[in-house]
2 protein chains.
Amino acid sequence: MQHAHDPQRTAALEERILDHDDSELLAERFKLLADPVRIRMVSALVEAGELCVCDLAELVGASESATSHQLRQMRLAGLVRARKQGRSVYYRVADSHIRLLLDVAVEHYLHGDPR
Amino acid sequence: MQHAHDPQRTAALEERILDHDDSELLAERFKLLADPVRIRMVSALVEAGELCVCDLAELVGASESATSHQLRQMRLAGLVRARKQGRSVYYRVADSHIRLLLDVAVEHYLHGDPR
DNA sequence: TCTACCTATGAACAGCTTGTCATATGTTCA
DNA sequence: TGAACATATGACAAGCTGTTCATAGGTAGA
């Protein structure tokens, strides 16, 4: 690196692109959906409304421990909420944005719509 | 794990949630946006339309080598396309879905819209 | 109370990511 | 042709992620 092909243009651009903090925040959100197991968990919770760890683990095909770890992560990020009842804990999706992002991705990447 | 609280319900659910292949595919896509540097790159490319590696590196504040590595990754995933001109290579966004996903995320996570 | 059950959590480990450094390839210009 | 330049790439290191295993806490039922 030494120059900028068009210094004025890049300087102007710099003001319009996402800054470091914003891109960091967005990346954190996308990371939550950047794992097939978590995607299946969110998908299941969206469909079911509410599920206990036990059923969720079976649905997504993961161990209960792994499921619990992932749920903890999503819970700390505010993506899901927990409700305790008896010896079970029921989880539900708390973040409607994630639901929307998943919908958009499903719509565009799975249901045809090439390009 | 031993039972399912409601076997019928979980069996019915299993058919409606994303299967392993689909969730794998979606996760791959979300991974591309799960990094602040790549997000800034996409943001810059969306704003500029086209940028050479050199300018892009300066804009996002990464080394040219790191930038090139990321671009390669995004290129192989079909997210960006390259155009060679002289000794420069100009990149542009090739996947309009990613652009949409980024827009949705920006809209909901950055521009207010709580909940 | 004792036992089985459901979930949570810490530790450890493997695999993946991303950056840097060195180097290679191809290009422009003198 | 030689030198500076723009980009690409392989190898390696450091950090991060996700899983398993062991274990602990709290709850329901006998």
Side-chain angles (χ1 to χ4, degrees), chain A residues 1-7 10 20 23-24 27-42 45 50-77 79-92, chain B residues 1-7 10 20 23-24 27-42 45 50-77 79-92:
Chain A
M1 176 187 70
Q2 176 178 345
H3 67 302
H5 283 152
D6 188 340
T10 39
H20 291 275
S23 55
E24 192 75 50
E28 287 303 314
R29 293 294 157 170
F30 281 119
K31 269 180 199 161
L32 292 172
L33 287 173
D35 178 272
V37 175
R38 281 196 297 273
I39 285 191
R40 273 167 69 78
M41 287 183 177
V42 173
L45 290 176
E50 199 178 57
L51 282 168
C52 68
V53 179
C54 166
D55 286 352
L56 188 53
E58 192 190 332
L59 269 174
V60 304
S63 75
E64 294 192 4
S65 183
T67 302
S68 186
H69 275 296
Q70 297 284 18
L71 284 170
R72 173 189 161 85
Q73 193 179 331
M74 295 198 278
R75 180 165 29 93
L76 294 179
L79 171 52
V80 299
R81 291 222 180 87
R83 177 179 69 86
K84 211 173 204 167
Q85 182 183 328
R87 45 187 165 186
S88 296
V89 176
Y90 291 87
Y91 280 86
R92 65 186 184 286
Chain B
M1 177 186 68
Q2 175 178 344
H3 68 300
H5 284 154
D6 187 339
T10 40
H20 290 276
S23 55
E24 191 75 49
E28 288 303 315
R29 293 294 156 171
F30 281 118
K31 269 180 200 163
L32 291 172
L33 287 173
D35 178 272
V37 174
R38 282 196 296 274
I39 285 191
R40 273 168 68 80
M41 286 182 178
V42 172
L45 289 176
E50 199 177 58
L51 282 168
C52 67
V53 178
C54 166
D55 285 353
L56 189 53
E58 193 191 331
L59 268 174
V60 305
S63 75
E64 294 192 5
S65 183
T67 302
S68 187
H69 275 296
Q70 298 284 16
L71 284 170
R72 173 189 162 84
Q73 193 178 332
M74 296 198 277
R75 181 165 29 94
L76 294 179
L79 171 52
V80 300
R81 290 221 182 88
R83 177 179 69 87
K84 211 171 201 168
Q85 183 183 327
R87 46 187 164 186
S88 296
V89 177
Y90 291 87
Y91 280 86
R92 66 187 184 286

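In the text below, chain A, chain B and the rest are named by the order of the sequence lines, each starting its count at 1.
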Within residues 85-92 of chain B: residues closer than 4.0 Å to DNA chain C (heavy atoms):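 Within residues 85-92 of chain B, the residues near DNA chain C are B/Gly86, B/Arg87.
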Below 4.0 Å: OP1/OP2 of D/dG18 and any side-chain N or O of A/Arg38: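 Indeed, a polar side-chain atom of A/Arg38 lies that close.
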Short side-chain N/O contact from B/Arg83 to OP1 or OP2 of D/dT7, under 4.0 Å: no
Point-to-point distance, once rounded to the nearest 0.5 Å, from [atom1] of [X] to [atom2] of [Y]:
{"X": "A/Leu79", "Y": "A/Tyr91", "atom1": "CG", "atom2": "OH", "answer": "11.5 Å"}
{"X": "A/Cys52", "Y": "A/Lys84", "atom1": "SG", "atom2": "NZ", "answer": "14.0 Å"}
{"X": "B/Arg81", "Y": "B/Leu45", "atom1": "CZ", "atom2": "CG", "answer": "13.0 Å"}

For [X] and [N], what is the distance between atoms [atom1] and [atom2] respectively, to the nearest whole Å?
{"X": "A/Met74", "N": "C/dT7", "atom1": "CE", "atom2": "P", "answer": "14 Å"}
{"X": "A/Arg40", "N": "D/dG18", "atom1": "CZ", "atom2": "P", "answer": "16 Å"}
{"X": "B/Lys31", "N": "D/dC16", "atom1": "NZ", "atom2": "P", "answer": "18 Å"}
{"X": "A/Ile39", "N": "D/dT17", "atom1": "CD1", "atom2": "P", "answer": "16 Å"}
{"X": "A/Glu64", "N": "D/dA22", "atom1": "CD", "atom2": "P", "answer": "16 Å"}
{"X": "B/Lys84", "N": "C/dG26", "atom1": "NZ", "atom2": "P", "answer": "8 Å"}
{"X": "A/Arg72", "N": "C/dA11", "atom1": "CZ", "atom2": "P", "answer": "12 Å"}
{"X": "A/Leu76", "N": "C/dA8", "atom1": "CG", "atom2": "P", "answer": "11 Å"}

Side chains of A/His20 and B/Pro36 in contact at under 4.5 Å (non-hydrogen atoms):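 Contact flag for A/His20/B/Pro36 side chains = no.
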5'-most by nearest nucleotide on DNA chain C - A/Cys52 or B/Gln73: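 It is A/Cys52 whose nearest nucleotide is closer to the 5' end.
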Any residue meeting salt bridge (charged side-chain N to carboxylate O under 4.0 Å, His left out) with B/Arg83, in chain and number order, not counting sequence neighbours: B/Glu50
Residues in salt bridge (charged side-chain N to carboxylate O under 4.0 Å, His left out) contact with A/Glu24, at least two apart in sequence or another chain: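 Listed in chain order: nothing, the list is empty.
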Please enumerate all protein N or O atoms sitting under 3.5 Å from an N or O of nucleotides 19-25 of chain C, with distances to 0.1 Å.
residue: C/dG19; atom: OP2; partner: B/Gln70; partner atom: NE2; Å: 2.8
residue: C/dT20; atom: OP2; partner: B/Ser63; partner atom: OG; Å: 3.0
residue: C/dT20; atom: O4; partner: B/His69; partner atom: NE2; Å: 3.2
residue: C/dC21; atom: N4; partner: B/Ser65; partner atom: OG; Å: 2.8

Which residues share a side chain to side chain contact (heavy atoms under 4.5 Å, CB included) with A/Gln70, sequence neighbours left out: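 Only A/Asp35, A/Arg38, A/Met41, A/Gln73 meet the side chain to side chain contact (heavy atoms under 4.5 Å, CB included) criterion with A/Gln70.
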Contacts of A/Ser68 that satisfy side chain to side chain contact (heavy atoms under 4.5 Å, CB included) - sequence neighbours left out: none
Pair B/Leu32-B/Val42, side chain to side chain contact (heavy atoms under 4.5 Å, CB included): steps then yes or no: CA-CA 10 Å; B/Leu32 291 172; B/Val42 172; over 6 Å; no
